[in-house]
Amino acid sequence: MDFKSVWEAMEVCHSLGLAKSIGVSNFSCKKLQDLLATAKIPPAVNQVEMSPLWQQKKLREFCKGKNIHVTAYSPLGGRGTVWGTNEVLGSKILLEIAQAKGKTVAQICLRWILEQGVSVVVKSFNKERIKENMEILDWELSSEESQKIDQIEQQKGFPGHMFVWEEGPYKSIEEFWDGEI
């Protein structure tokens with residue numbers, strides 16, 4: 001993909017007032033560096049997969065240094081989707097924290113993301129779950145609980161195999177994610 005030309009077109013949309021802000025999704029540190037080298041307007045946001053099991057520490061730090069906000073999708077692992085996993089909601093560490101706090105694992109995940117300074121995209125059609133999602137604003141994780149979450153073994157839910165093939169621009173998963181997987 002010609003990121004440079006696409007970004008230039010997005011900058012035109014922004015300058016015409018067609019977009020208040022422009023951003024990217026699933027950009028690694030390297031892809032952001034490449035974009036920033038030619039961009040007149042830096043991305044306002046990078047929307048990426050993020051959960052306690054895929055914390056994106058390096059990318060979040062890079063974005064913070066470049067004043068690019070991070071928004072998390074699939075905060076619960078994307079269960080039931082093509083790219084999803086049950087590993088997040090099945091995490092023993094997250095379950096222990098949830099039980100000790102009288103919260104759900106989903107609430108622990110969402111609260112943890114907010115405490116990282118990241119906004120989160122949640123999806124539910126269930127009225128009770130939507131209500132539950134809103135009940136993460138009046139409490140905090142302890143430093144001990146946050147340290148336990150920081151120690152969770154990392155695993156990306158969506159590796160992106162569908163974007164890798166011999167004749168394509170990306171010939172390996174490592175190349176697709178710029179070694180950040």
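Considering Cys109, Pro75, Ser74 in turn, Cys109 is the only one that fulfils the side-chain contact (heavy atoms from CB on, under 4.5 Å) rule with Val88.
Between Val118 and Thr71 there is no side-chain heavy-atom pair separated by less than 4.5 Å. Leu59 has its side chain out of reach of Val70: every pair of non-hydrogen atoms, C-beta onward, lies at least 4.5 Å apart. Residues Leu35 and Pro43 have side chains in contact (heavy-atom distance under 4.5 Å, counting atoms from C-beta outward). Contact annotation: the side chain of Gln55 never approaches that of Met50 to less than 4.5 Å [non-hydrogen atoms, C-beta and beyond]. Looking at Val24 and Val45, their side chains never come closer than 4.5 Å, going by heavy atoms from C-beta outward. Inter-residue side-chain proximity for Leu94 and Lys148 is flagged as unmet; no heavy-atom pair is nearer than 4.5 Å. Annotation: side chain of Leu137 is in contact with side chain of Leu114 (closest heavy-atom distance under 4.5 Å). Under the 4.5 Å side-chain criterion, counting only non-hydrogen atoms from C-beta, Asp34 is not in contact with Phe3.
In summary, Arg111 and Glu115 engage in a salt bridge, as defined by a charged side-chain N under 4.0 Å from a carboxylate O.
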**Message:** One pair to check against side chain to side chain contact (heavy atoms under 4.5 Å, CB included): Val105 and Ile97. What are the steps and the verdict?
**Reply:** CA-CA 8 Å; Val105 171; Ile97 294 169; over 6 Å; no
**Asked** Given Trp54 and Ile152, is the side chain to side chain contact (heavy atoms under 4.5 Å, CB included) satisfied, shown in steps?
**Response** CA-CA 9 Å; Trp54 190 243; Ile152 293 174; over 6 Å; no
**Request:** Begin with the C-alpha distance, continue with both residues' side-chain angles, and end with the deciding distance and a verdict on salt bridge (charged side-chain N to carboxylate O under 4.0 Å, His left out) for Lys4 and Glu8.
**Result:** CA-CA 6 Å; Lys4 184 179 184 292; Glu8 287 170 354; 2.7 Å; yes
**Request:** Please step through side chain to side chain contact (heavy atoms under 4.5 Å, CB included) for the pair Val120 and Trp112, ending with a clear verdict.
**Result:** CA-CA 10 Å; Val120 62; Trp112 176 82; over 6 Å; no
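Residues Ile22 and Val12 do not share a hydrophobic cluster, clusters being chains of Ile/Leu/Val/Met/Phe/Trp/Tyr side chains in contact below 4.5 Å. Leu141 and Leu95 fall within a single hydrophobic cluster, where Ile, Leu, Val, Met, Phe, Trp and Tyr side chains are chained together by heavy-atom contacts under 4.5 Å. Val121 and Ile136 end up in different hydrophobic clusters when Ile, Leu, Val, Met, Phe, Trp and Tyr side chains are linked at under 4.5 Å. Under a hydrophobic clustering in which Ile, Leu, Val, Met, Phe, Trp and Tyr are joined whenever their side-chain heavy atoms come within less than 4.5 Å, directly or via other members, Trp139 and Val122 fall into the same cluster.
In this structure, the side chain of Gln154 engages the main chain of Pro52 through a donor-acceptor pair within 3.5 Å. Under a 3.5 Å cut-off, the side chain of Glu135 and the backbone N or O of Gln107 do not form any donor-acceptor pair. Panel note: side chain Gln56, backbone Glu49; a donor-acceptor pair is recorded below 3.5 Å. Remark: the backbone N or O of Glu140 is paired with a side-chain donor or acceptor of Lys101 at under 3.5 angstrom. One N or O on the side chain of Asn46 and one on the backbone of Phe27 form a donor-acceptor pair closer than 3.5 Å. No donor-acceptor pair under 3.5 Å is formed between the side chain of Glu61 and the backbone N or O of Lys58.
Between the side chains of Glu145 and Ser142, at least one donor N or O sits under 3.5 Å from an acceptor N or O.
When all heavy atoms are compared, the tightest approach of Gly168 to Lys171 is O-NZ, 2.5 Å. Residues Leu32 and Phe62 approach most closely at CB-CE2, 3.6 Å, considering heavy atoms. For the residue pair Gly117 and His69, the shortest heavy atom distance occurs at O-CE1, 3.5 Å. Shown here for Ser51 and Ile113, the closest heavy-atom pair between the two residues is CA-CD1, 4.4 Å.
For Asn67, the CG atom sits in a loose shell: 12 or fewer heavy atoms of surrounding residues, nucleotides or ligands are nearer than 6.0 Å.
We find the CG-SG distance between Leu18 and Cys13 to be 5.5 Å, quoted to the nearest 0.5 Å. Here the straight-line distance linking atom CZ of Arg60 with atom SG of Cys29 works out to 11.5 Å at 0.5 Å rounding. Note: Gln99 CD to Thr104 OG1 = 11.5 Å, rounded to the nearest 0.5 Å. Distance NZ/Lys30 to CD/Gln33: 8.0 Å, rounded to 0.5 Å. Note that the CZ atom of Arg129 and the OG atom of Ser124 stand 5.5 Å from one another [nearest 0.5 Å].
Remark: Lys64 engages no residue in a side chain to side chain donor-acceptor pair (under 3.5 Å) (not counting sequence neighbours).
Among residue pairs with one or both ends in residues 10-23, those qualifying as side chain to side chain donor-acceptor pair (under 3.5 Å) are Trp7-Glu11; sequence neighbours excluded.
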